[in-house]
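Presented below is the structure to which this report refers.
Positions are given from 1, in the same order as the sequence printed here.
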Amino acid sequence: MVDLKTNVKYLIVRIYFLFVLFLYTYSRGVNTGVLYARRAIILFFISAIMYLLYYFEIKKYKIFKKMEAFDIIVICLIGYIMFSTVLYPRSLVTNLNISIMTSLMYLVIKVFQYEANKKGLDIVLNKYKFVFDTFILFIFLSTIVACLYEFWGIKLFDIPDTFRFKRAQSWFNNSTVYGINIVIAMSFVYNKYKENKNKVFIPLLVWFGYWLLMAGGRTGVIVLVVGIMINLILRYRKKIIFISIPILLLILGAYQYLYNHLMSNFLIFRRFEQGGLGSRDVKFFEVRELWNKQSLINQLFGSGTNFLRDEFSYSAHSGFLKLFFDNGLVFLVIYAIFVLIVCANYIILIRKVKDKKVENFLITGLSLVVMFFVAETMIIITMSAIYDFALLMLISGFPFIYRKSISLNSG
């Protein structure tokens, strides 16, 4: 009876998360903005607050006994965002949402940290796996919707008309963002494959890979390559040359053999053939020139949310540039330190950990953090899409959760 109650509880939570993710990403137009994000934000905040209240009020967890580098840099990040709101009142709504979300996810990480210390790491790992599995299911459902629409013209609900763009995006607002989310799901699937050694996950990886190509975004493919390289380097180390060279030759051979088919059926290959970064290089120099003309105050502390969109008829097309321009050089330094601290702790733990299951999880976590950061430089993906940044925050917190729960010197 207990197991049945637990399964029902997890099913309800999973459906709730799927619904929130759907609202975040759903749009009835192409590149028209996420239409239902505000409703998703409210639902996300409510669920996180309810979870935290349960532990703070009922369990009476004491989670702030000791502050470390991760705690300090996250607090600086939140504090700076709120400070930016004082400077630029028009950023209030955006910065308030980001601050609340970051604060809530930070508190969730602290609760996980306490749980891992008191009850064991497996409890927290299972919660992470629950999040991973939910995200995999979410993306899998999106590919089913895309498949029905792309090949049979069947609409389960009102979704963007992308036939003239030749790029699948399911119900997502943007096909490139859709591709990046597919890559994130592929990382979660590969993590499950490495842990379970079950070949059933290989067809799922191939299926997701197909829809990544159908999405047509170069950013997703580049991010996937970065993730693959990190996994090869960390998982195989001394064997990397013997493994990577045959894989590279196989990919190049398959590409040459299937060249005509790939060019005629996948827009992504025609876009790579054309070269360039989608005018991102041009936009970078335009943004840099505009930034050089600003006052020292604006250079250091930014110009407020969406200032670039007011200056140009298009966005900077890069989350990195947007964060740099909207929030200033000081913010960028804080954000870079946050990423470096997280990556450094992941690498230290990967080198020292003995448990293969945890090592696999750590490698997946590190690759995801780097992949998120690379995606950030090419498209607005994290802070502007709050569910992505919530996921990044949760993944970033794992090495600090693990450090609190298990001594590295233990066998």
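Of the inter-residue distances, the one linking I228 atom CD1 with N231 atom CG reads 8.0 Å to the nearest 0.5 angstrom. A distance of 8.0 Å separates CD1 in I123 from CG in N126, rounded to the nearest 0.5 Å. With rounding to the nearest 0.5 Å, the separation of CZ in F331 from CD1 in I81 is 5.0 Å. Here the CG-CZ distance, from L368 to F372, works out to 6.5 Å after rounding to the nearest 0.5 Å. Between the CG atom in L329 and the CG atom in L332 there is a gap of 6.5 Å [rounded to 0.5 Å]. Of the inter-residue distances, the one linking F140 atom CZ with W207 atom CH2 reads 7.0 Å to the nearest 0.5 angstrom.
Considering all non-hydrogen atoms of both residues, M105 and A390 come closest at CE-O, 3.6 Å. Across Y178 and A168, no two heavy atoms sit closer than the pair CD2-O, 3.6 Å. For the residue pair S47 and Y16, the shortest heavy atom distance occurs at CB-CE2, 3.4 Å. Heavy-atom minimum distance, L212 versus G179: CD1-O, 3.5 Å. Nearest heavy-atom pair across L205 and M186 is CD2-O, 3.5 Å. Nearest heavy-atom pair across G365 and I395 is O-CG2, 3.6 Å.
In this structure, I347 and L234 have side chains that are not in contact, with every pair of non-hydrogen atoms separated by 4.5 Å or more. Residues I363 and L366 form no side-chain contact, since every pair of their non-hydrogen atoms from C-beta on lies 4.5 Å or further apart. Residues Q113 and R403 are not in side-chain contact: their nearest non-hydrogen atoms beyond the backbone lie 4.5 Å or more apart. Here the side chains of V183 and M371 are in contact, with some heavy-atom distance below 4.5 Å. Between M214 and T143, the closest side-chain pair of non-hydrogen atoms is not below 4.5 Å. Residues N198 and K192 fail the side-chain proximity criterion, which asks for heavy atoms closer than 4.5 Å. Side-chain contact check for F338 versus F70: some heavy-atom pair is nearer than 4.5 Å. When side chains are defined from C-beta on, V374 does not count as touching T219, because their heavy atoms never get closer than 4.5 Å.
Contact check on K357 versus D122 returns a salt bridge, with a Lys/Arg side-chain nitrogen under 4.0 Å from an Asp/Glu carboxylate oxygen. Salt bridge annotation for E195-K129: present, with a cationic side-chain nitrogen under 4.0 angstrom from a carboxylate oxygen. The existence of a salt bridge linking R235 and E359 is excluded, since no basic side-chain nitrogen approaches an acidic carboxylate oxygen closer than 4.0 Å.
For the residue pair D71/Y106, the side-chain donor-acceptor check at 3.5 Å is satisfied.
Taking the ring centroids of F301 and F83, they lie under the 6.0 Å cut-off. Aromatic rings of F138 and W171 (six-membered ring for Trp) have centroids within the 6.0 Å cut-off, being under it. F398 has its ring centre less than 6.0 Å from the ring centre of Y128. Taking the six-membered ring wherever Trp is involved, the centroid distance between the rings of F132 and F188 falls below 6.0 Å.
For Y402 (side chain) and L362 (main-chain N/O), no donor-acceptor pair under 3.5 Å exists by modelled atom type. In this structure, N191 contributes its side chain and S187 its backbone to no donor-acceptor pair below 3.5 Å. Side chain of N345 to main chain of I341: a donor-acceptor pair is present (N/O by atom type, distance under 3.5 Å, no hydrogens or angles). A donor-acceptor contact shorter than 3.5 Å is absent between the side chain of N298 and the backbone of Q294.
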Report task. Show your working on side-chain contact (heavy atoms from CB on, under 4.5 Å) between S170 and W211 and close with a plain yes or no. Result -> CA-CA 10 Å; S170 191; W211 286 104; over 6 Å; no
Query raised in the report: Stepwise, does the ring pair (Phe, Tyr, Trp, His ring centres under 6.0 Å) test hold for Y190 with F201?
Result: CA-CA 7 Å; Y190 188 69; F201 296 113; over 10 Å; no
Query raised in the report: Could you walk me through whether V333 and V330 pass the side-chain contact (heavy atoms from CB on, under 4.5 Å) check?
Result: CA-CA 5 Å; V333 170; V330 175; 5.9 Å; no
Report task. Evaluate side-chain contact (heavy atoms from CB on, under 4.5 Å) for Y193 paired with V200, printing each intermediate quantity in order. Result -> CA-CA 8 Å; Y193 169 73; V200 72; over 6 Å; no
Query - Test log, rule side-chain contact (heavy atoms from CB on, under 4.5 Å), inputs V177 and T25 - result: CA-CA 9 Å; V177 172; T25 54; over 6 Å; no
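When F22, F135, F130 are each tested for a side chain to side chain contact (heavy atoms under 4.5 Å, CB included) with F17, only one passes: F130.
No more than 12 heavy atoms of other residues, nucleotides or ligands lie within 6.0 Å of CZ in F19, so this atom counts as exposed by the packing criterion.
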